[in-house]
Trainee: 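One structure coming up, written as structure tokens, with questions to follow.
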2 protein chains.
Amino acid sequence: MAANKNKTSYVILGLLNEENLSGYEIKKIVDLRLSFFWNESFGQIYPEIKRLASEGLIAVLEEPKNGSGKQSKKYEITEQGKAELQEWLKAPVEKELIRFEILLKLYFSNASSSRIMLEHIKQFQLNHQRQQLLFDQFEAQLKQDIDVHSNHRQILMVLSFGQKLWKSYAEWCEESIKLLENAVAGQGDDVHE
Amino acid sequence: MAANKNKTSYVILGLLNEENLSGYEIKKIVDLRLSFFWNESFGQIYPEIKRLASEGLIAVLEEPKNGSGKQSKKYEITEQGKAELQEWLKAPVEKELIRFEILLKLYFSNASSSRIMLEHIKQFQLNHQRQQLLFDQFEAQLKQDIDVHSNHRQILMVLSFGQKLWKSYAEWCEESIKLLENAVAGQGDDVHE
DNA sequence: ACCGGCATGTAAATGGTTACATGATTAT
DNA sequence: ATAATCATGTAACCATTTACATGCCGGT
């Protein structure tokens with residue numbers, strides 16, 4: 001019933017609210033599906049699971065060790081946990097946290113570093129193109145087995161946010177690369193470093 | 001000459017590379033100009049200034065205490081500091097850090113929380129509209145006194161990134177609000193909380 | 001027999017926010 | 001006078017990453 005805990009706990013509660021999962025699986029899902037707007041590390045997840053269990057918001061599911069049972073501990077959310085999750089959903093949204101080192105560098109760079117910035121932006125572009133490819137696969141898959149998740153409508157909204165983000169990254173990269181290529185060409189070879 | 005320090009130091013070095021500033025002024029500039037992609041707190045800035053000074057990357061400018069002299073300590077970047085800044089500019093860009101709590105909530109919400117999510121998104125929309133207004137002012141001002149900064153071309157690229165970001169936020173808000181308003185209307189009044 | 005991926009966890013270090021303390025200057 | 005803002009700084013706390021330790025399981 002407490003007001004504001006750390007966010008990791010809500011990621012765990014939120015995912016367990018849909019299906020029973022192990023810590024490892026939680027990490028995988030976050031990496032695969034949420035990583036364009038959220039990240040968690042094992043160093044946060046495992047201790048937090050422990051804490052949530054000790055407070056009775058989640059409970060260990062004793063996996064039957066038959067068949068090809070891996071030795072993973074699965075957890076399920078408790079009624080108390082569901083209540084806590086709902087409370088957090090209602091609470092005001094905290095401001096997003098954003099840190100683009102690439103913009104910092106660009107801001108502090110000058111004409112003589114155009115060539116370097118060009119490389120940075122190209123790398124940035126490549127990274128996001130790759131990431132978007134993976135993301136597109138996930139989206140296609142989700143649109144196939146729609147209604148598997150009770151909240152597919154919401155998930156599609158989140159994905160739409162991602163698509164818009166990437167589209168603006170892509171546009172910006174193209175635009176900036178053109179500008180910088182002109183700048184570099186204009187300067188000729190006399191400037192280095 | 002060390003490879004990778006914390007980012008706060010480069011924010012300080014980067015800003016001091018353009019003009020001499022006090023810690024307080026650095027904070028103000030970050031808030032005003034960089035806050036859409038970067039933030040710093042006093043608790044980071046002051047200790048970091050101290051460290052940079054002790055390592056000789058920046059130096060205190062003893063302000064003459066005449067006139068309406070405020071008792072602020074201004075700093076200037078040293079040659080060593082400039083070298084360090086240039087090295088960081090060349091180093092590969094680290095992956096951006098992004099955390100949108102609003103997307104987390106939306107992802108974990110379900111049909112019954114549409115009304116709440118609608119409010120969250122409207123608030124998000126309002127916040128960003130306000131922020132963009134301030135930003136537009138800064139951009140207009142910058143475009144007026146162009147060439148005051150040696151790196152105005154780079155700054156305009158950074159601003160363009162911001163504009164694209166905000167445009168995608170705005171589009172997403174509109175789109176999502178419509179979707180959720182339909183959902184809420186469709187459900188009628190029977191569902192609450 | 002060995003390697004890669006699955007799986008869980010802890011400890012240390014770092015990064016970052018928030019709250020507090022202090023005092024000067026400026027505007028009302 | 002007094003409140004707001006300018007200005008510097010520290011300490012405590014909380015969040016996060018990274019490195020490490022350990023062991024299982026499946027494939028080659």
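Chain identifiers are assigned alphabetically (A, B, ...) following the order of the sequence lines, protein sequences preceding nucleic acid strands; residue numbering begins at 1 within each chain.
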Trainee: Taking NZ from A:Lys95 and P from C:dT18, how many angstroms apart are they, rounded to a whole number?
Mentor: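 From A:Lys95 NZ to C:dT18 P: 13 Å.
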
Trainee: side-chain contact (heavy atoms from CB on, under 4.5 Å) with B:Lys95: which residues, sequence neighbours excluded?
Mentor: A:Gln131

Trainee: The side chain of A:Tyr46 is closest to which nucleotide in this list: D:dA7, D:dG9, C:dA7?
Mentor: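 Closest nucleotide to the A:Tyr46 side chain: C:dA7.
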
Trainee: Where the side chain of B:Lys73 is defined as all heavy atoms beyond and including C-beta, which of C:dA7, C:dT10, D:dT8 is the nearest nucleotide?
Mentor: D:dT8

Trainee: With a cut-off of 3.5 Å and sequence neighbours excluded, list every side-chain donor-acceptor pair involving residues 121-128 of chain A.
Mentor:
{"from": "A:Lys122", "atom 1": "NZ", "to": "A:Glu181", "atom 2": "OE2", "distance (Å)": "3.4"}
{"from": "A:His128", "atom 1": "ND1", "to": "A:Trp166", "atom 2": "NE1", "distance (Å)": "3.3"}
{"from": "A:His128", "atom 1": "NE2", "to": "B:Glu96", "atom 2": "OE2", "distance (Å)": "2.9"}

Trainee: For B:Leu179, enumerate each residue passing the side-chain contact (heavy atoms from CB on, under 4.5 Å) test, keeping only those at least two apart in sequence or located in another chain.
Mentor: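 Checked B:Leu179 against side-chain contact (heavy atoms from CB on, under 4.5 Å); matches are A:Met157.
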
Trainee: What pairs meet the ring-ring contact (aromatic ring centres under 6.0 Å, His included) rule with one or both residues in residues 14-34 of chain B, with sequence neighbours excluded?
Mentor: B:Tyr24-B:Phe42

Trainee: Near DNA chain C, which residues from residues 49-58 of chain A have a heavy atom under 4.0 Å away?
Mentor: A:Lys50

Trainee: Between protein and nucleic acid, restricted to nucleotides 14-18 of chain D and to nitrogen or oxygen atoms under 3.5 Å apart, what atom pairs and distances do you find?
Mentor:
{"from": "D:dT16", "atom 1": "OP1", "to": "B:Arg99", "atom 2": "NH1", "distance (Å)": "2.4"}
{"from": "D:dT16", "atom 1": "OP2", "to": "A:Gln44", "atom 2": "NE2", "distance (Å)": "3.4"}
{"from": "D:dT16", "atom 1": "OP2", "to": "B:Arg99", "atom 2": "NH1", "distance (Å)": "3.4"}
{"from": "D:dT17", "atom 1": "OP2", "to": "A:Gln44", "atom 2": "OE1", "distance (Å)": "2.8"}

Trainee: Output all residues satisfying side-chain contact (heavy atoms from CB on, under 4.5 Å) with A:Ser160, sequence neighbours left out; order by chain, then residue number.
Mentor: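 By the side-chain contact (heavy atoms from CB on, under 4.5 Å) rule, A:Ser160 matches A:Lys164, B:Trp172, B:Glu175.
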
Trainee: Checking A:Glu48 now: which residues fulfil side-chain hydrogen bond (donor to acceptor under 3.5 Å, both in side chains) with it, not counting sequence neighbours?
Mentor: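 If we apply the side-chain hydrogen bond (donor to acceptor under 3.5 Å, both in side chains) test to A:Glu48, skipping adjacent residues, the hits are A:Asn6, A:Arg51.
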
Trainee: Figure out the NZ/C1' separation between B:Lys74 and D:dC6, and round it to whole Å.
Mentor: 13 Å

Trainee: May I ask you to check whether B:Gln44 and B:Ser41 show a side-chain donor-acceptor distance below 3.5 Å?
Mentor: yes

Trainee: Quick one: ring-ring contact (aromatic ring centres under 6.0 Å, His included) partners of B:Tyr75, sequence neighbours excluded?
Mentor: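 Residues passing ring-ring contact (aromatic ring centres under 6.0 Å, His included) with B:Tyr75: none at all.
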
Trainee: Please state whether the phosphate of D:dT8, meaning OP1 or OP2, lies under 4.0 angstrom from any side-chain nitrogen or oxygen of B:Tyr24.
Mentor: no

